[in-house]
Amino acid sequence: MGYINLSGDIDQKWTKIYSVVLKIQALVFATIFPVGYFIKFGVAWHDAGQPFNVFDVKFHPYWNMILIIYTGIGCFLFMASRDIIKFKVFLSFCTWVAFFAHGCVATVAVLTSDTPNYVGLGVFGESYPETYFSLKNGDKVLALAIWFGNFAVGLYFSLKVFGHANLPWNL
């Protein structure tokens, strides 16, 4: 086996491209802890402390669970990038559960949640208001774009590589 396994009845051109995309996704998700506890803005669902301030960190058990799950997903996405056929079930899980279903649940949370976030000045003097887009969690719109964007990427490459949407009943 070489750098990536291209055996089976799959489109090798799209498999190679998908492999690169999976490595980029892996990098994003495997490094989610620094984003979650350093950047904080737009991703933390609680007051995690002042954004961009590593000395003002407020831990939350739920947030730690989400971060460790997505860190693991990032590590497995990297492994999947080397053998897409072997990780077909995992890629289905990522597309339909980790990205699409999580994005749907997060959309409801963005529209309805009253969870308090950090409000005040940032380390660079920027202001973090109580609401964005008239929503208490409106700053999470960026996270929604990431989840649904990753869903769209997974669906697109599933159609190109496997010839179907890689739904659980197609596996």
Side-chain angles (χ1 to χ4, degrees), residues 1-46 48 51-52 60-111 113 132-133 135 137-171:
M1 177 166 66
Y3 185 67
I4 72 172
N5 183 5
L6 296 176
S7 62
D9 295 331
I10 60 173
D11 187 314
Q12 293 190 8
K13 171 190 160 195
W14 286 107
T15 302
K16 289 178 183 180
I17 297 168
Y18 193 21
S19 176
V20 172
V21 170
L22 288 171
K23 285 174 178 64
I24 294 167
Q25 286 179 323
L27 179 64
V28 169
F29 288 109
T31 60
I32 198 76
F33 259 101
V35 171
Y37 279 119
F38 177 65
I39 295 174
K40 304 169 197 160
F41 171 78
V43 292
W45 289 89
H46 68 288
F52 302 100
H60 190 278
Y62 166 79
W63 184 233
N64 292 341
M65 176 193 64
I66 292 296
L67 292 178
I68 198 65
I69 288 170
Y70 276 93
T71 298
I73 285 173
C75 294
F76 276 89
L77 282 171
F78 182 75
M79 290 188 283
S81 74
R82 301 199 57 199
D83 193 343
I84 289 170
I85 295 299
K86 183 177 177 182
F87 286 86
K88 184 178 178 182
V89 172
F90 175 72
L91 294 172
S92 175
F93 166 81
C94 287
T95 300
W96 292 103
V97 178
F99 303 144
F100 180 72
H102 192 171
C104 290
V105 171
T107 299
V108 173
V110 165
L111 297 174
S113 178
Y132 292 86
F133 308 113
L135 299 167
N137 282 290
D139 60 322
K140 310 314 182 285
V141 170
L142 172 63
L144 294 178
I146 291 170
W147 282 311
F148 287 118
N150 278 298
F151 163 70
V153 166
L155 181 58
Y156 178 80
F157 280 104
S158 291
L159 294 170
K160 289 292 188 182
V161 173
F162 305 121
H164 56 75
N166 207 18
L167 286 159
W169 49 85
N170 294 123
L171 300 176

### Task
State, yes or no, whether a side-chain contact exists between Tyr18 and Ile84 at a heavy-atom distance under 4.5 Å.
yes
### Query
Between the side chain of Lys160 and the main-chain N/O of Leu155, is any donor-acceptor distance below 3.5 Å?
no
Which donor-acceptor pairs under 3.5 Å do the side chains of residues 33-42 make with protein atoms, sequence neighbours left out?
{"residue": "Tyr37", "atom": "OH", "partner": "Asn64", "partner atom": "OD1", "Å": "2.5"}
{"residue": "Lys40", "atom": "NZ", "partner": "Gln50", "partner atom": "O", "Å": "2.7"}
{"residue": "Lys40", "atom": "NZ", "partner": "Asn53", "partner atom": "O", "Å": "2.8"}
{"residue": "Lys40", "atom": "NZ", "partner": "Asp56", "partner atom": "O", "Å": "2.6"}

### Query
Which heavy-atom pair separates Val43 from Trp63 by the least distance, and what is that distance?
O-CH2, 3.0 Å
### Query
When rounded to the nearest 0.5 angstrom, what distance separates OH in Tyr132 from CG in Asn137?
11.0 Å
Do any side-chain atoms of residues 88-101 form donor-acceptor pairs under 3.5 angstrom with protein atoms, and if so which ones, sequence neighbours left out?
{"residue": "Ser92", "atom": "OG", "partner": "Asn166", "partner atom": "O", "Å": "2.6"}
{"residue": "Thr95", "atom": "OG1", "partner": "Leu91", "partner atom": "O", "Å": "3.0"}
{"residue": "Trp96", "atom": "NE1", "partner": "Ala165", "partner atom": "O", "Å": "3.0"}

### Message
Suppose we screen for side-chain contact (heavy atoms from CB on, under 4.5 Å). Which residues come up paired with Ile24, at least two apart in sequence or across chains?
### Response
Val20
### Query
For Thr31, what residues pass the side-chain contact (heavy atoms from CB on, under 4.5 Å) criterion, not counting sequence neighbours?
Leu27
### Query
Quick one: which of Ile85, Asn170, Thr15 gives a side chain to side chain contact (heavy atoms under 4.5 Å, CB included) with Phe162?
Ile85
### Query
Quick one: does Cys75's side chain get under 4.5 Å of Phe29's, heavy atoms only?
no
### Message
Is it true that, when you exclude Phe87 itself, more than 12 heavy atoms of the residues, nucleotides or ligands shown sit nearer than 6.0 Å to its CZ?
### Response
yes
### Task
With sequence neighbours left out, write down each residue that passes side-chain contact (heavy atoms from CB on, under 4.5 Å) with Ala26, or none if nothing qualifies.
Leu77, Phe78
### Task
Tell me, please, which residues at least two apart from Thr107 pass side chain to side chain donor-acceptor pair (under 3.5 Å).
none
### Message
So Tyr70 and Val28, do their side chains get closer than 4.5 Å, heavy atoms only?
### Response
no
### Query
side-chain hydrogen bond (donor to acceptor under 3.5 Å, both in side chains): which pairs involve residues 146-156, sequence neighbours left out?
Gln25-Asn150
### Partner set under side-chain contact (heavy atoms from CB on, under 4.5 Å) for Ile69, not counting sequence neighbours
Met65, Ile73
#### Entry: Residues which pass ring-ring contact (aromatic ring centres under 6.0 Å, His included) with His164, listed by chain and number, not counting sequence neighbours
none
### Query
Where the side chain of Ser19 meets the backbone of Arg82, is there a donor-acceptor pair that is under 3.5 Å apart?
no
### Task
Looking only at non-hydrogen atoms, find the nearest pair between Leu144 and Val110 and report the distance.
CD1-CG2, 3.9 Å
